Amino acid sequence: MRKPIIAGNWKMHKNAAEGTVLVKELKQLSAGNTNVEVVVCPPFTALAGVIAEAKGSGIKVGAQNMHWEEKGAYTGEISPTMLMEMGLDYVIIGHSERRQYFSETDETVNKKVKSAYAHGIKPIVCVGETLEQREAASTEQVVGRQIEEGLAGLEQGQVSELVVAYEPIWAIGTGKTASNADAEKVIAHIRRVLAGMYGEQSAEQVRIQYGGSVKPNNINELMEQPNIDGALVGGAALQAESFAGIVNFKA
Ligand SMILES: O=C[C@H](O)COP(=O)(O)O
């Protein structure tokens, strides 16, 4: 049985003080909900305060990106050891905004995923197609390649800890969501690709989230789909009430 995981990606929003307040409110609104693993992913500058505020609450904390090297002349980058020292649980890797604006590729995603595991941080690996790719009926091919190349060469034990987020790019921040059936179909395909790479048993343990305009009013039906194990939430994760409305979905 896979435990649902709902993660909030704050992107470039919330300073340190605002982040701490948001987690304080979220703790109250989601207290006692042990059915779901709740993760918040603030910007780097808010991490320390958020980690301190989340301590003991069960809310996990993730970063939005990291470099794969431990140190070096990489101006502006943050290393896995720096994140590990802070006690982070998760790191988002390969978000479509990183791929689109910062030239991330499946190859760099793969390096980052391996480095995250090597430093005891669990990756949330994002995949998804553009509108053009969807209209050209190549969604499964695009997403399949992102999985095969981004997640190549993992150890069996690492696969069972893996979280994948399927985010159709055209659904991010647009108010458009994939239909439940479409999201389920692509996510089932991702699981089949993982089964081909690492075997059925490992693939069954991977938690696969849907992301793209997830709100309190559409989470229940998404979570009813057999292969959808949670959500990666952007805009609706920026207010405690709306994020709690997603986290406290009806099981
Ligand atoms: O990482 C989160 C996604 O990009 C979804 O963002 P959104 O919920 O604002 O559409």
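Index from 1, following the sequence. Keep in mind that what you see is a predicted model, and the values were worked out from it rather than measured. Just so you know, ligand 1 is whichever comes first in the structure, and atom 1 is the first atom listed for that ligand.
- Within ligand 1, counting atoms from 1 as listed, the ones closer than 4.0 Å to a heavy atom of S213 are 7 (P), 8 (O), 10 (O).
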- Message: Applying salt bridge (Lys or Arg N to Asp or Glu O under 4.0 Å) to K111 and E69, what does each step give before you reach the verdict?
- Response: CA-CA 9 Å; K111 286 182 180 173; E69 293 286 357; over 6 Å; no
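- When G173, A231, G211 are checked for heavy-atom proximity to atom 10 (O) of ligand 1, G173 turns out nearest.
- Given atom 3 (C) of ligand 1, the protein heavy atom at minimum distance is E167 OE2, 2.8 Å.
- With 3.5 Å as the limit, one finds no donor-acceptor pair spanning the side chains of E132 and W170.
- With hydrogens and angles left out, the side-chain atoms of E70 and T81 include no donor and acceptor closer than 3.5 Å.
- The environment of K27 atom NZ is dense: over 12 non-hydrogen atoms of other residues, nucleotides or ligands sit within 6.0 angstrom.
- Heavy atoms of A171 come nearer than 4.0 angstrom to ligand 1 in at least one pair.
- For atom 8 (O) of ligand 1, the closest non-hydrogen atom of the protein is G234 N, 2.9 Å.
- If you number the atoms of ligand 1 from 1 as listed, the ones under 4.0 Å from a heavy atom of G212 come out as 5 (C), 10 (O).
- The shortest heavy-atom distance from K11 to ligand 1 is under 4.0 Å.
- Inclusion of K215 in the set of residues having an N or O under 3.5 Å from an N or O of ligand 1 is not warranted.
- The neighbour count for K3 NZ, taken as heavy atoms of other residues, nucleotides or ligands under 6.0 Å away, is above 12.
- Grouping Ile, Leu, Val, Met, Phe, Trp and Tyr by side-chain contacts under 4.5 Å, direct or through others, leaves V21 on its own.
- By the neighbour-count criterion of 12 heavy atoms within 6.0 Å, atom CD of E107 is sparsely surrounded, having that number or fewer from other residues, nucleotides or ligands.
- Ranking protein heavy atoms by distance to atom 9 (O) of ligand 1, first place goes to G235 N, 2.8 Å.
- Within the listing of ligand 1, atoms 1 (O), 2 (C) sit less than 4.0 angstrom from a heavy atom of N9.
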